[in-house]
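Note that the coordinates shown come from a computational prediction; the quantities given were computed from them, not determined experimentally. What's counted below: heavy atoms across the whole structure, side chains too, no hydrogens, waters or symmetry copies. Every chain is numbered from 1, with letters handed out A, B, ... down the list of sequences.
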Amino acid sequence: MSLMIHNNLTNKKEEFVTVEPGKVSMYVCGVTVYDDIHMGHARSIIVFDMIARYLRYCGYEIKHITNFTDVDDKIIIKANKEGIEPLELSKRYIDEYFKDTEKLGVNRADEYPKASECMGNIIAMVKKIVDNGYGYVTPDGSVYFSVRKAKNYGQLSNRKIEDMESSGRVALDDQKQDPLDFAIWKAAKPEENCSWPSPWGEGRPGWHIECSAMIKRYLGDTIDIHGGGNDLIFPHHENEILQSEAANGVPLAHYWMHNGMLQVKGVGNYKEEKMSKSLGNFFRVKDVAQKFDKYTIRFYFLNTHYSSPLLYGEDMLLEAQTALKRLHNNYGDLQAYARSGPDGDGDVCDIIDGTRQRFKAAMDDDFNTRAAIEELFQLARTTNKAMADKTLTKQGAAKILALMKELDTILGILPEEEARNDDAFDAVMSILVDLRKELRARKQYDLSDMIRDKLAEAGYKLEDSADGAKWKKI
RNA sequence: GUCGGGAUAACACAGCGGCUAUGUGCGGGACUGCAGAUCCUGAUACGGGGGUUCGAUCCCCUCUCCCGACUCCA
């Protein structure tokens with residue numbers, strides 16, 4: 001079974017074949033760092049984190065690059081308002097970005113290039129585009145891309161030039177030779193205080209060019225996967241393709257993947273709308289992370305296919321929390337069972353192989369994390385039952401746990417192993433458990449409940465059942 | 001208007017041409033000193049209308065509605 005990816009370039013599910021066998025180059029559009037990241041960004045970050053994790057799980061050596069746009073109108077405006085340098089402002093939000101994504105359990109990408117630190121590459125690419133005849137310099141020292149000269153216009157977004165013209169929404173600008181053209185280099189404006197020297201005078205990059213330049217610098221002319229939110233398909237990704245292909249003469253990316261938008265229930269007319277800064281309906285990651293742990297947030301996002309729209313609400317997170325608790329309980333119970341269950345060779349191969357095989361089949365089907373998570377719930381029911389009838393052995397439980405950990409390297413929704421592996425502690429706990437058993441046999445419930453309560457206060461939860469008590473760390 | 005994506009039980013969200021998914025919630029039952037957990041079980045589905053088929057929720061056509069993009073946007 002091979003990995004199938006829904007490719008937005010062709011709008012088909014295609015078998016994943018890399019340029020170089022065993023290696024994956026992946027570029028994901030990051031954020032403009034002028035404010036804290038919100039849950040919509042979190043979705044994209046977690047989705048591509050999951051994708052990178054799965055590819056790694058499949059044995060690929062992956063290079064994952066995500067950029068920071070730190071040169072941008074909004075940054076300049078906000079920095080001017082605060083009376084600080086634009087790069088000082090963006091630095092602040094880059095730091096916040098890392099703090100916030102850490103709260104989401106995100107594995108770091110290999111590099112996080114910043115536009116401000118890739119000026120050489122950007123200028124070189126602009127120059128190349130002009131040299132190749134796809135760009136022109138205006139009198140004020142800006143450089144524009146000639147859209148009509150590009151081959152394959154609209155290959156990603158299925159747009160035709162005629163449609164663009166008739167839409168009546170293309171911006172007019174006296175510097176442009178054609179309203180469809182877009183800036184790849186913008187001449188400096190004196191009041192902005194944010195520019196770099198270039199062959200065309202002081203200026204700064206256009207919005208799309210940094211990604212093209214960074215991809216070339218870090219990953220090469222043609223990469224395997226290019227990702228981002230589906231709101232970037234047009235014009236951002238379309239223009240990235242035009243620029244890169246005009247400069248390099250080869251396709252930019254083989255697979256284009258886009259995550260669906262996070263939506264928020266509209267206030268007045270109960271329609272859903274996209275969570276975004278401009279609509280003001282966003283929830284900051286740092287605020288949400290105060291109420292919900294990373295496992296819950298990840299579960300919430302991964303419990304839906306990455307490309308589908310997803311409704312945001314605290315009630316959704318609460319439901320995710322309850323659902324995930326079932327998995328966490330099962331995981332904790334298995335850990336307890338692996339300590340105190342019956343001995344035996346514990347043949348659980350069928351369960352393990354079947355679960356792994358179905359889990360992988362789900363993931364291979366365009367990263368269907370939702371279906372993969374269903375396997376975890378099935379496994380929980382199977383093992384809960386096996387623990388209840390004692391058909392599971394402690395060795396079997398250990399093997400199931402190993403499988404769960406293995407699969408969780410992809411999802412990151414199960415609690416991490418405590419560093420502790422303390423036999424003495426286990427022995428003490430087992431004394432307490434036995435003591436309670438005796439007390440309960442003598443119906444001295446006040447004392448047995450007191451032990452249970454005190455242990456709960458100390459962070460350990462005891463659960464009684466017909467065949468003795470189990471304990472786990474809360 | 002153009003281009004994408006949707007419409008699945010109370011809610012969320014998968015999936016498949018015939019074997020009724022998963023979680024939450026709700027109704028029974030088991031277990032139980034209590035708490036918690038767990039197991040068994042019940043009910044409520046595939047937007048409307050055509051068509052293809054022995055058979056469609058799944059394929060085709062059409063209608064309605066929703067979301068996103070076309071302006072900064074993950």
Side-chain angles (χ1 to χ4, degrees), chain A residues 8 11 28-32 34 37-48 66 69 72-74 154 156-160 162-171 207 227-238 258-263 266 270-279 282 299-300 303-305 307-311 313 315-316 318-327 329-330 332-333 362 365 368-378 380-381 383-385 387-389 440 443-446 448-449 452-453 456 461-467 469-470 472:
Chain A
N8 279 312
N11 262 325
V28 182
C29 283
V31 296
T32 302
Y34 71 102
I37 55 167
H38 64 239
M39 290 298 281
H41 301 123
R43 182 178 191 196
S44 182
I45 293 164
I46 288 174
V47 158
F48 286 99
T66 288
T69 299
D72 164 89
D73 289 356
K74 285 175 183 157
L156 182 67
S157 59
N158 287 318
R159 258 162 243 256
K160 297 181 204 76
E162 308 86 77
D163 298 339
M164 297 305 297
E165 287 170 322
S166 59
S167 79
R169 296 183 70 165
V170 283
W207 175 33
N230 68 14
D231 53 348
L232 296 180
I233 292 173
F234 190 91
H236 185 54
H237 287 166
E238 195 66 69
H258 295 98
N259 63 277
M261 290 296 101
L262 195 59
Q263 303 181 342
Y270 72 81
K271 277 189 219 154
E272 283 101 44
E273 46 187 17
K274 177 180 138 184
M275 180 181 292
S276 74
K277 289 266 164 68
S278 42
L279 290 169
F282 59 93
F299 179 89
Y300 160 68
N303 202 209
T304 301
H305 188 83
S307 65
S308 306
L310 174 61
L311 206 52
D315 47 339
M316 307 286 164
L318 283 166
E319 189 184 316
Q321 194 172 48
T322 310
L324 183 60
K325 200 170 156 215
R326 182 171 161 77
L327 250 28
N329 282 336
N330 172 252
D333 288 348
D365 185 14
N368 192 338
T369 47
R370 171 54 200 251
I373 284 173
E374 288 190 15
E375 285 308 318
L376 259 27
F377 279 104
Q378 297 283 17
R381 191 189 305 144
T383 54
N384 279 333
K385 218 181 297 185
M387 285 189 281
D389 10 84
R440 291 178 66 224
K443 300 204 189 298
Q444 299 190 15
Y445 297 120
D446 51 339
S448 68
D449 288 355
R452 187 169 64 193
D453 293 344
K461 187 167 155 194
L462 272 184
E463 289 176 358
D464 293 313
S465 67
D467 43 63
K470 289 174 300 205
K472 55 191 161 198

Interatomic distance where [atom1] belongs to [X] and [atom2] belongs to [N] [whole Å]:
X        : N     : atom1 : atom2 : answer
A:His305 : B:G68 : NE2   : P     : 19 Å
A:Gln321 : B:G23 : CD    : P     : 18 Å
A:Leu232 : B:C3  : CG    : C1'   : 16 Å
A:Ile233 : B:U2  : CD1   : P     : 19 Å
A:Met261 : B:A69 : CE    : C1'   : 10 Å
A:Glu238 : B:G68 : CD    : P     : 21 Å
A:Asp453 : B:A35 : CG    : C1'   : 9 Å
A:Leu156 : B:G5  : CG    : P     : 12 Å

What does [X] touch in the nucleic acid at a heavy-atom separation under 4.0 angstrom: a base, only the sugar-phosphate, or nothing?
X        : result
A:Arg440 : base
A:Gln263 : sugar-phosphate
A:Gly228 : sugar-phosphate
A:Gly154 : nothing
A:Asn329 : sugar-phosphate
A:Gln378 : sugar-phosphate
A:Lys461 : sugar-phosphate
A:Ser278 : base
A:Phe377 : sugar-phosphate
A:His38  : base
A:Ala388 : nothing
A:Asp231 : base
A:Asp333 : sugar-phosphate
A:Arg452 : base

Has the side chain of A:Ser44 got a donor or acceptor atom that lies under 3.5 Å from a matching backbone atom of A:Gly40?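 Looks like no, no N/O pair under 3.5 Å.
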Using OP1 and OP2 only, check whether a side-chain N or O of [X] sits under 4.0 Å from [N].
X        : N     : value
A:Lys385 : B:C40 : yes
A:Asn158 : B:G4  : yes
A:Lys274 : B:A69 : yes
A:Asn230 : B:G68 : no
A:Ser308 : B:A14 : yes
A:Asn368 : B:G15 : yes
A:Lys325 : B:A37 : yes
A:Arg159 : B:A69 : no

State the CG-CG distance between A:Asn259 and A:Leu232, to the nearest 0.5 angstrom.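 If we round to the nearest 0.5 Å, A:Asn259:CG and A:Leu232:CG are 8.5 Å apart.
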Would you compute the distance between atom OG1 of A:Thr32 and atom NZ of A:Lys74 and round it to the nearest 0.5 angstrom?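 With rounding to 0.5 Å, OG1 (A:Thr32) is 7.0 Å from NZ (A:Lys74).
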Same-atom distance ([atom1]) from [N] to [M], integer angstrom:
N     : M     : atom1 : value
B:A10 : B:G27 : P     : 16 Å
B:U20 : B:G42 : C1'   : 15 Å
B:G55 : B:U44 : P     : 26 Å
B:C31 : B:A56 : P     : 45 Å
B:G51 : B:A12 : C1'   : 33 Å
B:C13 : B:G6  : P     : 13 Å
B:A9  : B:C58 : P     : 15 Å
B:C70 : B:U24 : P     : 39 Å

Which nucleotide sits closest to the side chain of [X]: [options]?
X        : options             : value
A:Asp464 : B:A74, B:G33, B:A14 : B:G33
A:Glu273 : B:C13, B:U24, B:G68 : B:G68
A:Asn384 : B:U38, B:A74, B:A37 : B:U38
A:Asn11  : B:G5, B:A74, B:C13  : B:G5
A:Leu262 : B:A14, B:C39, B:A74 : B:A74

Applying a 3.5 Å limit to both distances, which nucleotide forms a Watson-Crick or G-U wobble pair with [N]?
N     : value
B:G1  : B:C70
B:U64 : B:A7
B:A30 : B:U38
B:G55 : none

Taking the nucleotide of RNA chain B with the closest heavy atom to each, which residue, A:Pro235 or A:Arg326, is nearer the 5' end?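 Result of the comparison: A:Arg326.
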Does A:Ser157 or A:Glu463 map to a spot on RNA chain B nearer the 5' end, using the closest nucleotide for each?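 The residue closer to the strand's 5' end, by nearest nucleotide, is A:Ser157.
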Under 4.5 Å between any side-chain heavy atoms of A:Arg452 and A:Asp464, yes or no?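 A side-chain contact under 4.5 Å exists here.
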If you define the side chain from C-beta out and look only at heavy atoms, does anything of A:His41 sit under 4.5 Å from A:Met275?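 Of all side-chain heavy-atom pairs linking A:Met275 with A:His41, none is under 4.5 Å.
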Specify whether A:His237 and A:His258 have parallel, tilted or perpendicular ring planes, treating 30° as the upper limit for parallel and 60° as the lower limit for perpendicular.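 A:His237 and A:His258: tilted rings.
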Residue pair A:Ser307 / A:Asn230, side-chain donor-acceptor N/O under 3.5 Å: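 Side-chain D/A pair, A:Ser307 to A:Asn230: absent.
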Pick from A:Met316, A:Gln321, A:Arg43: which one makes a side-chain contact (heavy atoms from CB on, under 4.5 Å) with A:Tyr300?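 Answer after filtering A:Met316, A:Gln321, A:Arg43: A:Met316.
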Please give me the minimum heavy-atom distance between A:Ser157 and A:Ile233, naming the atom from each residue.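 Smallest interatomic distance, heavy atoms only, reads CB-CG2, 3.9 Å.
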Please report the closest heavy-atom contact between A:Leu327 and A:Ala380, naming both atoms and the distance.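 Scanning both residues completely, I find the closest heavy atoms to be CD1-CB, 4.2 Å.
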